[in-house]
Number of protein chains: 2
Amino acid sequence: MASPPQTARSERTREALRRAATVRFLAQGVEETSAEQIAADAGVSLRTFYRHFGSKHDLLFADYDAGLQWFRRALADRPPGERVVESVQAAIFAFPYDVEAVTQIASLRADELDPRRIVRHMREVQSDFAHAVRDHLARRSDDPEAEALAITVTARCVAAAVFAGMEVWMQREERSLADLAELCRTALTSIENGLPVR
Amino acid sequence: MASPPQTARSERTREALRRAATVRFLAQGVEETSAEQIAADAGVSLRTFYRHFGSKHDLLFADYDAGLQWFRRALADRPPGERVVESVQAAIFAFPYDVEAVTQIASLRADELDPRRIVRHMREVQSDFAHAVRDHLARRSDDPEAEALAITVTARCVAAAVFAGMEVWMQREERSLADLAELCRTALTSIENGLPVR
DNA sequence: CCATGTTTTGTCAATAGTGACAGAACGCAC
DNA sequence: GTGCGTTCTGTCACTATTGACAAAACATGG
């Protein structure tokens, strides 16, 4: 239901909602902000809010979604013969991280965010990520139909590896971006030639 | 919030809810049945309904959850030295499928179930599945702490492979249980020694 | 400017899902 | 059986989400 921007008008509405949400989230916390407040601040009806963002949390993670698009393009731009693992790694690490935003989100998460919702959203992100990789592989395959299983398996495993890295990172006491990168890199390369644990 | 059965009393309530839900789902369809109706039929309040089943759809997939417990036990019972892929495969295929129930669900799904909710639930199931495998691997590891990444990566990839098999199966015209088994088996063995697509 | 088809919003009315708090039911020691 | 701590339920109130339908805002050819 979270439709992509169609007209300039709707893009203005989305922007207004994003702004309003950011202000509220930072000022009073995510769970303490109601969708209704955001809609009111943005000067639109609650229903319109939900037309643009499937849920309150979609809005919180709006950047992730934008990032996904970026990721898809980055993947498409990788050289033809390159190994998937390489391509994915390159695409991830070339991402123009807004360190400040990441930090902000990380700190929010610790305190006031319902863990269940985060977990649910991370699963969704992983799923989208896997789809992106799958499409990338399919685009390069001579016969995507015939290779459907191999492609799907590979895509999902690549995504699984990256998010496994994240999971391990999240459970650590100290969490530096460098560590996260290292974990994801290790996870990815470790599956290319077989499962790390047999 | 979907707490496990604690007392005989609560188990009776759960059972009543399950029965009521099954009747309604079959009679008038899933999306056309409200949580309130189910609660009323079972003679409990709506709130109690949500205490036992996190959502209306958890109830629909209650069997899957029971299956997960079964799966965990089956994994634990596998011989110590066995390769993960073997153990998981054995555990999956030893499962006492209620073919009739599976068929019933499959037919429901096709028609009256909101695809988004199914997808969301499948993601959750995959996540639980991965956790089960992770715990299994951790139990067998000499030093789970040190191997955290390898274990997490492996567990998630194993789950990814199985569900990749399901995904491909779902997209087929003809869907036989034998095909599903074959796809999952192929998917699993294909990742043990490296990604099927590099 | 006007008529008309499309896109975006708003309104209305339900259902879904949760937190907080109080009462009821249960299990157990005495 | 009584007292008491634990578990399960009901009630209340509120936020989250969505479907259906109508009004408003836009874009466009004439």
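Every chain is numbered from 1 and lettered A, B, ... according to where its sequence line falls, protein lines coming before strand lines. Because the structure is predicted, anything quoted here is derived from the model rather than measured.
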side-chain N/O Thr13(B) vs dC8(D) OP1/OP2, d < 4.0 Å: no

For nucleotides 22-29 of chain D, print each protein N/O atom paired with a nucleotide N/O atom at under 3.5 Å, atom names and distance only.
residue: dA25(D); atom: O4'; partner: Arg9(A); partner atom: NH2; Å: 3.4

Protein-nucleotide distance (Glu32(A), atom CD; dA20(C), atom C1'), rounded to Å: 15 Å

Residues Arg12(A), Glu15(A): salt bridge by 4.0 Å N-O rule: no

Spacing of Glu11(B) atom CD relative to dT9(D) atom C1', expressed in whole Å: 16 Å

Check ion pair Glu192(B)-Arg198(A) (N to O, under 4.0 angstrom): no

Short N-O contact, Glu36(B) and Lys56(B), less than 4.0 angstrom: no

Thr33(B) or Ala8(B), whichever maps to the more 5' nucleotide of DNA chain C: Thr33(B)

Interatomic distance where CG belongs to Leu17(A) and P belongs to dA16(D) [whole Å]: 14 Å

Any side-chain donor near an acceptor of the partner, Glu167(B) and Thr152(A), under 3.5 Å: no

Nearest-angstrom distance from the residue atom CG of Leu46(B) to P of dC12(D): 13 Å

With sequence neighbours excluded, residues passing side chain to side chain contact (heavy atoms under 4.5 Å, CB included) with Ser55(A): His57(A), Asp58(A)

Phosphate contact (dT8(C) OP1 or OP2) by Thr7(A) side-chain N/O below 4.0 Å: yes

Interface with DNA chain D, restricted to residues 35-45 of chain A and to heavy atoms under 4.0 Å: Ala35(A)

His57(A) NE2 to dT15(D) C1', straight-line distance once rounded to whole Å: 11 Å

Nearest-neighbour nucleotide for the Tyr50(A) side chain, dT9(D), dA16(D), dT8(C) considered: dA16(D)

Between dA20(C) (P) and Glu31(A) (CD): distance, integer Å: 12 Å

Any donor-acceptor N or O pair under 3.5 Å, side chains Glu82(B), Ser87(B): yes

Euclidean distance, atom CZ of residue Phe49(A) to atom C1' of dT18(D) [Å, nearest integer]: 14 Å

Spacing of Arg14(B) atom CZ relative to dT7(D) atom P, expressed in whole Å: 16 Å

Between Gln89(A) and Arg83(A): side-chain donor-acceptor atoms closer than 3.5 Å: no

Below 4.0 Å: OP1/OP2 of dT8(C) and any side-chain N or O of His52(A): no

Arg14(A) to Phe53(A) six-membered ring, cation-pi geometry met (6.0 Å, 45°): yes

Thr48(A) side-chain N/O to dG10(C) phosphate OP1/OP2 under 4.0 Å: yes

Distance-only donor-acceptor check, side chains Thr13(A) and Ser10(A), under 3.5 Å: no

Proximity of Phe71(B) and Phe129(B) rings by center, below 6.0 Å: yes

Residue Arg47(B), side-chain heavy atoms: nucleotide from dT17(D), dA20(D), dT18(C) that is nearest: dT18(C)

